[in-house]
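Atom set for the values below is all heavy atoms of this structure, side chains included, hydrogens, waters and symmetry mates excluded. Bear in mind the structure is a predicted one, so any value in this text is a computation, not a measurement.
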Amino acid sequence: MTLRIGNASGFYGDRFDAMREMLTGGELDVLTGDYLAELTMLILGRDRLKDPDAGYARTFLRQSEECLGLAHERGVRIVTNAGGLNPAGLADAVRRLADRLGIPVRVAHVAGDDLTAAHPGSLAAHAYLGGFGITQCLRAGADVVVTGRVTDAALVTGPAAAHFGWSETEYDRLAGAVVAGHVLECGAQATGGNYAFFRDGDARRPGFPLAELHEDGSCVITKHPGTGGFVDVGTVTAQLLYETAGARYAGPDVTARLDTVRLSQDGPDRVRIEGVRGEAPPPTLKVGLNRLGGFRNEVVFVLTGLDIEAKAALVREQLEPALGKVADVRWELARTDRPDAPTEETASALLRLVVRDPDQGAVGRALSGAAVELALASYPGFHVLAPPGKGSPYGVFEDVYVPHGSVDHVAVLHDGRRIPVPPAHDTAVLDAVPQPSLPQPPEPGPTRRAPLGLVAGARSGDKGGNANVGVWARTDDAWRWLAHELTADRFRELIPESRELTVVRHVLPNLRALNFVVEGILGAGVAAQHRFDPQAKALGEWLRSHHLEIPEALL
């Protein structure tokens with residue numbers, strides 16, 4: 001017995017026609033859509049300030065207008081976290097849409113994640129719920145299930161538990177579904193999108209992934225025939241490492257052991273995942289807090305030709321009086337210029353000024369006026385990429401933890417009945433797994449200085465203020481070298497921003513992978529835009545571009 005679960009959205013703003021593509025491209029039992037991220041919750045929170053009836057992903061409603069009838073005809077159930085901050089509101093909107101279109105669908109939703117009232121000063125505070133609220137809705141006959149802030153993998157564990165009749169303590173099966181859900185959650189990232197070795201296949205328009213999930217928790221990751229992109233062990237490995245840390249991947253239903261995952265190619269565009277072990281979940285639930293941190297402004301000065309450093313020093317000195325009382329001032333000089341350049345753009349460097357302050361006035365007109373006044377009175381060739389504005393609000397994210405029992409997890413059925421979802425039966429404190437032994441290092445031999453990316457892939461991302469960088473080797477021989485060469489100290493050496501920060505290395509031999517967590521590199525999270533790449537999306541690619549002494553046998 002196989003359950004075919006597909007994904008049609010990896011974020012709020014993903015490809016609009018993906019839902020139709022997934023419904024028409026092949027067989028499916030369940031179609032999921034992931035619309036939420038830390039930044040999305042802040043955006044939806046600001047929407048709700050303007051309109052109390054808002055707070056959900058409106059894109060999903062427009063997609064449903066095109067596809068709800070199609071899903072009903074094909075018997076495909078839809079499970080989505082597009083409810084955001086207002087799952088009840090989106091569920092009601094879907095019911096009204098179905099009535100208008102004459103489609104007899106039963107719509108349920110999951111409630112209980114909203115803890116904003118218990119966290120004064122937060123714009124949105126939401127617990128990451130597990131999948132058993134979704135399970136209850138589906139067991140009661142729902143055709144569409146709308147949730148708020150559940151874990152991304154819950155969109156798969158919920159339907160799997162409903163379909164196979166799993167209990168809350170069948171941890172190995174649940175862990176297998178968590179791993180499948182983690183691979184699916186970011187859509188095309190599992191089918192060649194954002195992939196280090198994108199030239200291995202046709203990555204121009206990747207299709208969306210699906211999982212053929214089995215009763216024992218194992219699965220095959222694939223995609224509909226004829227869609228773009230490709231699925232291989234590398235694309236699945238990359239996504240498994242994305243926004244994770246050590247061997248224990250904790251969630252509200254189960255802690256999945258990533259060090260037990262086994263991957264194998266099962267044919268063209270098919271990767272089998274098996275062997276996943278699970279443990280009792282931790283005793284607490286994560287709660288994501290989003291609040292407004294103050295106001296932010298930015299201006300980028302273009303410095304062209306000669307004397308780049310002196311030009312940068314001049315403009316900094318000229319603006320210093322206007323910035324004296326600003327709470328946070330950051331200057332970054334990007335030396336994108338080249339000597340004797342063939343174009344003006346390649347002869348130019350970028351000097352970026354970012355300011356933050358609780359007072360909008362301190363980073364608004366005061367800064368804008370001071371910067372604009374330099375137009376005819378600063379360095380030669382003065383111009384900016386865009387004039388600074390009046391200052392815009394920025395967000396701050398942090399996570400806190402609460403006991404399972406402090407959250408009222410409820411499945412609200414299509415007929416209005418409310419079914420409480422009990423907290424986890426058993427829990428276990430989340431301890432680190434002892435580091436596994438490393439493979440034998442390669443025999444000494446000739447080396448050549450070359451980019452790390454010739455022998456290793458990487459994928460990076462954000463979790464609050466931390467970044468993770470997963471690095472994997474494509475062969476056993478490359479793994480023997482990588483495991484010994486890329487230590488935490490070596491990582492700090494290659495990534496200067498991390499030298500004063502805590503960097504933790506996790507070893508995952510089954511995946512031939514190392515996962516680095518860089519604590520605090522993103523400041524207060526993506527909404528604070530602490531660095532040039534605020535979500536650390538390209539941190540892994542920067543790492544791969546660094547040159548190391550690599551054994552010639554690997555090149």
Spatial distance of atom [atom1] ([X]) from atom [atom2] ([Y]) [nearest 0.5 Å]:
{"X": "T191", "Y": "H224", "atom1": "OG1", "atom2": "NE2", "result": "12.0 Å"}
{"X": "F208", "Y": "T227", "atom1": "CZ", "atom2": "OG1", "result": "10.5 Å"}
{"X": "R277", "Y": "T260", "atom1": "CZ", "atom2": "OG1", "result": "7.5 Å"}
{"X": "R270", "Y": "S264", "atom1": "CZ", "atom2": "OG", "result": "10.5 Å"}
{"X": "L539", "Y": "N468", "atom1": "CG", "atom2": "CG", "result": "9.0 Å"}
{"X": "E274", "Y": "C219", "atom1": "CD", "atom2": "SG", "result": "9.5 Å"}

Q | Aromatic F491 / basic R505 pairing, under 6.0 angstrom, 45° off normal | A | no
**Q.** Six-ring centre of Y128, K286 cation under 6.0 angstrom, axis tolerance 45°
**A.** yes
Please check if the number of heavy atoms outside [X] that lie under 6.0 Å from its [atom1] is greater than 12.
{"X": "R352", "atom1": "CZ", "answer": "yes"}
{"X": "R46", "atom1": "CZ", "answer": "no"}
{"X": "R499", "atom1": "CZ", "answer": "yes"}
{"X": "F532", "atom1": "CZ", "answer": "no"}

Electrostatic pair [X]-[Y], nearest N-O below 4.0 angstrom:
{"X": "R296", "Y": "E298", "answer": "yes"}
{"X": "R356", "Y": "D328", "answer": "yes"}
{"X": "E215", "Y": "R173", "answer": "yes"}
{"X": "D477", "Y": "R474", "answer": "no"}
{"X": "R512", "Y": "D476", "answer": "yes"}

Q: Take R459 and Q239 through the side-chain hydrogen bond (donor to acceptor under 3.5 Å, both in side chains) test and state the conclusion after the steps.
A: CA-CA 8 Å; R459 179 165 287 167; Q239 181 54 29; 3.2 Å; yes
Q.
I'd like to know whether R330 forms a side chain to side chain contact (heavy atoms under 4.5 Å, CB included) with V355, so could you lay out the CA-CA distance, the side-chain angles of the two residues, the decisive distance to 0.1 Å, and finally the verdict.
A. CA-CA 6 Å; R330 294 177 183 271; V355 291; over 6 Å; no
Q: List the steps, then state whether side-chain hydrogen bond (donor to acceptor under 3.5 Å, both in side chains) holds for D114 with T116.
A: CA-CA 6 Å; D114 191 347; T116 307; 2.6 Å; yes
Q) Does any donor atom in the side chain of T487 or D489 lie under 3.5 Å from an acceptor atom in the other side chain? A) no
Using modelled atom types and a 3.5 Å cut-off, is there a donor and acceptor pairing between side-chain atoms of [X] and backbone atoms of [Y]?
{"X": "N81", "Y": "Y35", "result": "yes"}
{"X": "T80", "Y": "G33", "result": "yes"}
{"X": "R205", "Y": "G228", "result": "no"}
{"X": "D462", "Y": "A467", "result": "no"}
{"X": "D253", "Y": "G131", "result": "yes"}
{"X": "N510", "Y": "R262", "result": "no"}
{"X": "D269", "Y": "V231", "result": "yes"}
{"X": "T237", "Y": "V233", "result": "yes"}
{"X": "H409", "Y": "V421", "result": "no"}
{"X": "H404", "Y": "P282", "result": "yes"}

Min side-chain heavy-atom separation [X]-[Y] under 4.5 Å:
{"X": "F132", "Y": "W166", "answer": "no"}
{"X": "F397", "Y": "L42", "answer": "no"}
{"X": "V30", "Y": "P159", "answer": "yes"}
{"X": "L292", "Y": "V396", "answer": "no"}
{"X": "L508", "Y": "L241", "answer": "yes"}
{"X": "Y242", "Y": "L240", "answer": "no"}
{"X": "E519", "Y": "V504", "answer": "yes"}
{"X": "E309", "Y": "L333", "answer": "yes"}

Q: Check the pair L555 / R448 against side chain to side chain contact (heavy atoms under 4.5 Å, CB included), numbers first and verdict last.
A: CA-CA 8 Å; L555 297 172; R448 189 194 329 155; 3.8 Å; yes
Minimal non-hydrogen separation, [X] against [Y], with atom names:
{"X": "A256", "Y": "V178", "result": "CB-CG1, 4.2 Å"}
{"X": "A280", "Y": "D426", "result": "CB-O, 3.8 Å"}
{"X": "L511", "Y": "L263", "result": "CD2-CD1, 3.8 Å"}
{"X": "V507", "Y": "P436", "result": "O-CG, 3.7 Å"}
{"X": "A245", "Y": "N515", "result": "O-ND2, 3.0 Å"}
{"X": "G457", "Y": "R544", "result": "CA-NE, 3.7 Å"}

Q. Taking it one step at a time, do N194 and Q189 satisfy side-chain hydrogen bond (donor to acceptor under 3.5 Å, both in side chains)?
A. CA-CA 6 Å; N194 295 358; Q189 279 198 169; 3.0 Å; yes
**Q.** Sequence-distant partners of T40, side chain to side chain contact (heavy atoms under 4.5 Å, CB included), two or more places apart
**A.** Y12, L36, A37, L44
Q: Take E279 and T255 through the test side-chain hydrogen bond (donor to acceptor under 3.5 Å, both in side chains) and record every step on the way to the result.
A: CA-CA 5 Å; E279 301 169 343; T255 294; 5.3 Å; no
Q. What class does the angle between the rings of F197 and Y195 fall in, given that below 30° is parallel, 30 to 60° is tilted and above 60° is perpendicular?
A. perpendicular
Q | Residues E552, T447; criterion side chain to side chain contact (heavy atoms under 4.5 Å, CB included); working and verdict | A | CA-CA 5 Å; E552 287 189 352; T447 63; 5.6 Å; no
Q.
What verdict does the side chain to side chain contact (heavy atoms under 4.5 Å, CB included) test give for R248 and D431, after you've listed the backbone C-alpha separation in whole Å, the side-chain angles of each residue and the deciding distance to 0.1 Å?
A. CA-CA 8 Å; R248 285 192 166 103; D431 293 325; 4.3 Å; yes
